[in-house]
Protein chains: 2
Amino acid sequence: MELKPVNACHDCPIRHSAVCAECDADELKVLERIKSYKTVPAGAHLAEAGREMEFLSSIISGCATMSRTLEDGRRQTVGLLLPSNFIGRPGRASSPYDVEAISEVTLCRFERKAFEDLVRSTPHIATRLMTMALDELDSAREWAVVLGRMSAREKVLSFLVRLARRNAAQMGQDAPEDALTLHLPLSREELADYLGLTIETTSRQFTALRKDGLIELPSNRDVHIPDFDRLAIEAGEDEDGGLIA
Amino acid sequence: MELKPVNACHDCPIRHSAVCAECDADELKVLERIKSYKTVPAGAHLAEAGREMEFLSSIISGCATMSRTLEDGRRQTVGLLLPSNFIGRPGRASSPYDVEAISEVTLCRFERKAFEDLVRSTPHIATRLMTMALDELDSAREWAVVLGRMSAREKVLSFLVRLARRNAAQMGQDAPEDALTLHLPLSREELADYLGLTIETTSRQFTALRKDGLIELPSNRDVHIPDFDRLAIEAGEDEDGGLIA
DNA sequence: CGCTACATTGAGCTCCTTCAACGACGGTGG
DNA sequence: CCACCGTCGTTGAAGGAGCTCAATGTAGCG
């Protein structure tokens with residue numbers, strides 16, 4: 001994740017996967033005029049439920065979560081935001097969820113009003129946003145199946161499979177390597193909030209998967225998967241491949 | 001739900017809430033040329049996971065569910081499709097979910113290729129699709145909170161609150177009436193699949209809510225809510241209003 | 001070295017599921 | 001007309017997956 005400072009779009013690591021992916025050179029110039037970069041430390045709040053947002057932004061590097069906390073403290077993470085993901089939406093001033101930086105995050109920001117005008121005048125941005133929204137919709141529904149019907153073990157397995165697929169896709173690979181090591185962007189507690197479990201149950205499942213030889217745990221944040229296909233089968237994969245992240 | 005045959009867009013009950021909502025008269029003429037109506041009986045499969053779709057369509061009347069069935073038979077419904085909802089997406093030939101008519105459903109259909117061309121050439125359709133996708137994304141995430149963190153009782157309450165809000169919105173009301181009667185579009189089993197519960201637990205929760213005086217059950221498919229605000233509070237509403245459907 | 005934050009492990013309990021029986025309703029056919 | 005049957009919904013009893021509460025373990029850091 002070591003990143004040299006980005007100054008221009010043609011240097012940008014998410015140039016071809018973010019909201020600007022379909023833009024041509026002229027459109028990119030307009031974007032370039034209204035964009036600004038910002039790096040925030042882990043723990044920063046990028047949006048708060050109900051609070052007005054001044055900027056819409058793309059994640060260039062780092063990781064953030066989108067979550068809802070109920071008043072009794074229960075919390076559910078509804079999205080894991082990684083590079084190229086978009087925060088905020090045109091046509092609405094506030095996010096319905098809290099968005100929090102989990103690691104240091106570098107953003108490419110657009111002042112909201114200016115971006116909304118741009119969406120109207122630049123079809124390539126509107127169609128790209130539509131595609132991204134539809135992809136995320138599939139992903140959210142996919143996750144609903146996990147939350148609604150899967151056991152704790154399957155939830156953890158599904159998470160690992162999705163993360164591996166997402167990483168592979170970002171590296172331009174078609175499928176994850178046979179054997180690979182994942183770095184977990186989330187702590188056990190953050191993971192539990194994502195999986196709809198408690199931290200204890202999550203931890204127990206990691207231990208159980210280790211004892212079953214499906215994973216190794218070189219550190220708390222690293223998971224080595226000796227045989228990805230076996231993991232995917234255990235996760236309950238029928239369709240070969242499934243959707244990415 | 002008694003519906004007289006629709007023949008032209010200006011007569012259409014979903015004219016101002018469907019994918020065509022932002023279209024002007026000229027754009028509507030183009031749509032009119034490629035659209036066709038179709039009515040299917042309850043139980044019809046409007047899409048099957050992985051199978052190619054010939055048409056994209058809007059629901060004009062009736063109700064459908066979008067769901068995934070795992071090979072061991074577990075099933076999770078990830079979306080409840082009501083009038084004005086769109087089935088399918090441009091740029092992808094197949095749906096990742098099964099879409100099934102729950103009641104008789106009347107559709108406004110577009111041949112896929114023709115519609116995809118139209119999206120590219122008609123910005124008002126692209127922006128409307130984007131807005132609808134973003135709304136559904138919020139809705140799907142909202143439901144993830146319910147699936148991941150709520151008790152059986154809260155799940156049933158949340159469903160009733162959402163259904164009431166969605167009905168009210170469709171009637172052009174700002175909020176549901178103080179006292180109202182809901183017609184459930186789903187059987188107990190279909191509801192259980194949506195809530196991530198078993199049919200037995202779902203049934204028990206209805207009984208419990210009735211005993212607590214929160215609802216009355218004039219028939220299996222009808223729920224009378226004497227005091228909507230009380231129901232909403234029981235459902236764990238902090239924010240006044242929340243998102244629609 | 002002790003402090004703090006994070007992760008793991010254990011024991012008991014709760015809520016939901018599972019398995020099973022029963023009830024209500026509607027259609028069909030004798 | 002009513003017995004029969006199928007579907008759907010409700011209710012009961014027992015078991016289990018995951019939660020809660022609590023203790024222990026471990027790594028980073030002043």
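Below, read A as the first sequence line, B as the second, and so on, with proteins coming before strands; counting in each chain starts at 1.
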- Find the distance A/Leu195:CG to C/dA7:P and express it as a whole number of Å. 13 Å

- Task: Using only side-chain N and O atoms of A/Ser151, determine if any of them is under 4.0 Å from OP1 or OP2 of D/dA17.
- Result: no

- Message: From CG of A/Leu197 over to C1' of D/dC19, roughly how many Å is that when rounded to an integer?
- Response: 10 Å

- Item | Among C/dT17, D/dT11, D/dT10, the nucleotide that comes nearest once only the side chain of B/Ile199 is considered | D/dT10

- Task: In whole angstrom, give the distance that lies between atom CD of A/Gln205 and atom P of C/dA7.
- Result: 16 Å

- Message: Check for me whether B/Arg109 meets the cation-pi criterion with B/Tyr37, that is, NZ or CZ under 6.0 Å from the six-membered ring centre and within 45 degrees of the ring axis.
- Response: no

- Query: At under 4.0 Å, does any side-chain N or O of A/Thr198 touch on OP1 or OP2 of D/dC19?
  - Reply: yes

- Message: I need the single residue from B/Leu80, B/Leu184, B/Val105 that forms a side-chain contact (heavy atoms from CB on, under 4.5 Å) with B/Cys63. Which is it?
- Response: B/Leu80

- Query: Once you round it to whole Å, what is the distance between P of C/dC15 and NZ of B/Lys155?
  - Reply: 15 Å

- Between B/Gly196 and A/Phe206, the residue closer to the 5' end of DNA chain C by nearest nucleotide is A/Phe206

- Is there side-chain contact between A/Pro96 and A/Arg68, with heavy atoms separated by less than 4.5 Å? yes

- Message: Rounding to an integer number of Å, can you tell me how far A/Glu154 CD sits from D/dA17 P?
- Response: 12 Å

- Message: Side chains of A/Glu136 and B/Arg141, heavy atoms from C-beta outward: is any pair under 4.5 Å?
- Response: yes

- Has B/Ser187 got a side-chain N or O lying under 4.0 Å from the OP1 or OP2 atom of D/dC8? no

- B/Arg188 side chain, from C-beta outward: closest of D/dG18, C/dA7, D/dT10: D/dT10

Which atom pairs link the protein and nucleotides 21-30 of chain D when you take only N or O atoms and keep those under 3.5 Å?
from   : atom 1 : to       : atom 2 : distance (Å)
D/dC21 : N4     : A/Glu200 : OE2    : 2.9

- Query: Could B/Asp193 and B/Arg74 be called an ion pair, given the rule that one side-chain N must be under 4.0 Å from one carboxylate O?
  - Reply: no

- Message: Would you say that A/Pro226 contacts A/Glu216 through its side chain, given a criterion of any heavy-atom pair below 4.5 Å between the two side chains?
- Response: yes

- note: A/Met150, atom CE; D/dA17, atom P; distance rounded to Å ~ 17 Å

- Task: Flag the pair A/Tyr194 / A/Val78 as yes when at least one side-chain heavy-atom distance between them is below 4.5 Å, and no otherwise.
- Result: no

- Integer-rounded Å distance: D/dC8 C1' and B/Arg221 CZ: 10 Å

- Item | Candidate nucleotides D/dG9, C/dT8, C/dC16, ranked by approach to the side chain of B/Ser203 - the nearest | D/dG9

- Task: Write down the distance between CD (A/Glu189) and P (C/dA7), rounded to a whole number of angstrom.
- Result: 8 Å

